[in-house]
Amino acid sequence: MDHAADAHRTDLMTITRFVLNEQSKHPESRGDFTILLNHIVLGCKFVCSAVNKAGLAKLIGLAGETNVQASGEEQKKLDVLSNEVFVKALVSSGRTSILVSEEDEEAIFVEPSKRGKYCVVFDPLDGSSNIDCGVSIGTIFGIYVVKDGIEPTLHDVLQPGKNMIAAGYCMYGSSCTFVLSTGTGVHGFTLDPSLGEFILTHPDIQIPKKGKIYSVNEGNAKNWDGPTAKYVEKCKYPKDGSSPKSLRYIGSMVADVHRTLLYGGIFLYPADKKSPNGKLRVLYEVFPMSFLMEQAGGQSFTGKERALDLVPNKIHERSPIFLGSYDDVEEIKTLYAAEGKK
């Protein structure tokens, strides 16, 4: 198709139209979720633009504050900016009552006049230590519903991931990609900069049942437990005559999970002696990505249980995670089950 013809296409499925179509399947809905999602999308467009200009705008300079979740890592100004953008966008939607951000030590309770029925958990800029070298980074989010007519409390957020009604991420990479699930499959949208709109480019993403890639930080290998070490050994030296798996590890969760979703394989961030509870946060990293994986036909496992069954006790709680193609995660589950029998 030539570009001139493409420029006049009117049948493009924008994310707004897509969400409105989904909404029309629920006659009882009042459009609250659509409004909330529009505000999240707007936040992502803003951050995408800021990330693209980061090197130019001298935003990279250190803000000098320390990120509450990182181990003394100097916080980049873009993290602070992205967090402010999302908090303002979510509060001004008038549809949220509690926000949990990776950047804020405490949960944010929205003032009563602007309250709505949703809780949003998010990491405004995941992988931000990679900004300087141009590696893909992203925003991750999950959405819960607050119980009707009750004063919102932390318990509305400390729910298992299976109670989420939607989850997604926006990846700021070679293109700006928004991946979303509202519980009926996973759909990918790409930002068309000339229109300023996210267009549906990856309808109904299904992860391959088995993959050829494993993704893990092998620098931590000396501290791994038995099942993880056995699994990675098997990836490199298969005993059944199959080809070894390829290793791909970017170190930016959004980028690693995005590739896993599209190409298949397994992404793991296991517990180890240094991080006995793993490193990734349950509410706004593990849950949203596990929700997407299951919706795309994959699996997600903590080393003990299905990731979405985990009940968090603290908002910044961490958990080990193994997610990806169904058969690949099944293998790691078998290794942990065998270890448990010893």
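In what follows, every heavy atom counts, from backbone to side chain, and hydrogens, waters and symmetry copies are set aside.
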Can you tell whether the side chains of Lys333 and Glu330 come within less than 4.0 Å, N to carboxylate O?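 Judged by the 4.0 Å cut-off on N to carboxylate O distance, Lys333 and Glu330 do form a salt bridge.
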
Side chains of [X] and [Y]: is there a donor and an acceptor less than 3.5 Å apart?
X: Glu197; Y: Thr14; result: no
X: Ser194; Y: Asp192; result: yes
X: Ser93; Y: Tyr118; result: no
X: Ser113; Y: Glu111; result: yes

Does the gap between the ring centers of Phe18 and Phe178 come in under 6.0 Å?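 When the ring centroids of Phe18 and Phe178 are compared, they turn out to be at least 6.0 Å apart.
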
Quick one: does [X]'s side chain have a donor or acceptor within less than 3.5 Å of a partner on [Y]'s backbone?
X: Asp104; Y: Glu106; value: no
X: Ser252; Y: Ser136; value: yes
X: Lys245; Y: Gly211; value: yes
X: Asp126; Y: Asp123; value: no
X: Thr260; Y: Gly264; value: no
X: Thr139; Y: Pro124; value: yes
X: Ser325; Y: Pro208; value: yes
X: Ser275; Y: Asn277; value: no

Is there a side-chain contact between [X] and [Y] (heavy atoms, below 4.5 Å)?
X: Glu294; Y: Gln299; answer: no
X: Asp204; Y: His187; answer: yes
X: Cys44; Y: Phe86; answer: yes
X: Arg95; Y: Arg115; answer: no
X: Tyr284; Y: Val100; answer: yes

Are [Y] and [X] connected in a single hydrophobic cluster, I mean Ile/Leu/Val/Met/Phe/Trp/Tyr linked by side-chain heavy atoms less than 4.5 Å apart?
X: Leu200; Y: Phe198; result: yes
X: Phe122; Y: Val146; result: no
X: Tyr326; Y: Met293; result: no

Derivation of the salt bridge (Lys or Arg N to Asp or Glu O under 4.0 Å) call for Arg30 and Asp32: CA-CA 6 Å; Arg30 301 205 321 271; Asp32 287 337; 3.0 Å; yes

Return all side-chain donor-acceptor pairs below 3.5 angstrom for residues 215-225, not counting sequence neighbours, or 'none' if the list is empty.
unit_1, atom_1, unit_2, atom_2, d
Ser215, OG, Arg248, O, 2.6
Ser215, OG, Asp256, OD1, 3.3
Ser215, OG, Arg259, NH2, 3.1
Asn217, OD1, Gly219, N, 2.9
Glu218, OE1, Lys236, NZ, 3.0
Glu218, OE2, Tyr214, OH, 2.6
Asp225, OD1, Thr228, N, 3.1
Asp225, OD1, Thr228, OG1, 3.0
Asp225, OD1, Tyr336, OH, 3.2
Asp225, OD2, Tyr336, OH, 2.8

Evaluate the ring planes of Tyr169 and His258, with Trp represented by its six-membered ring, and classify them as parallel (under 30°), tilted (30 to 60°) or perpendicular (over 60°).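 Answer is perpendicular, since the angle exceeds 60°.
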
Pair Ser49-Lys53, side-chain hydrogen bond (donor to acceptor under 3.5 Å, both in side chains): steps then yes or no: CA-CA 6 Å; Ser49 162; Lys53 296 189 203 123; 3.0 Å; yes

Show your working on side-chain hydrogen bond (donor to acceptor under 3.5 Å, both in side chains) between Asp240 and Ser242 and close with a plain yes or no. CA-CA 6 Å; Asp240 58 2; Ser242 61; 2.6 Å; yes

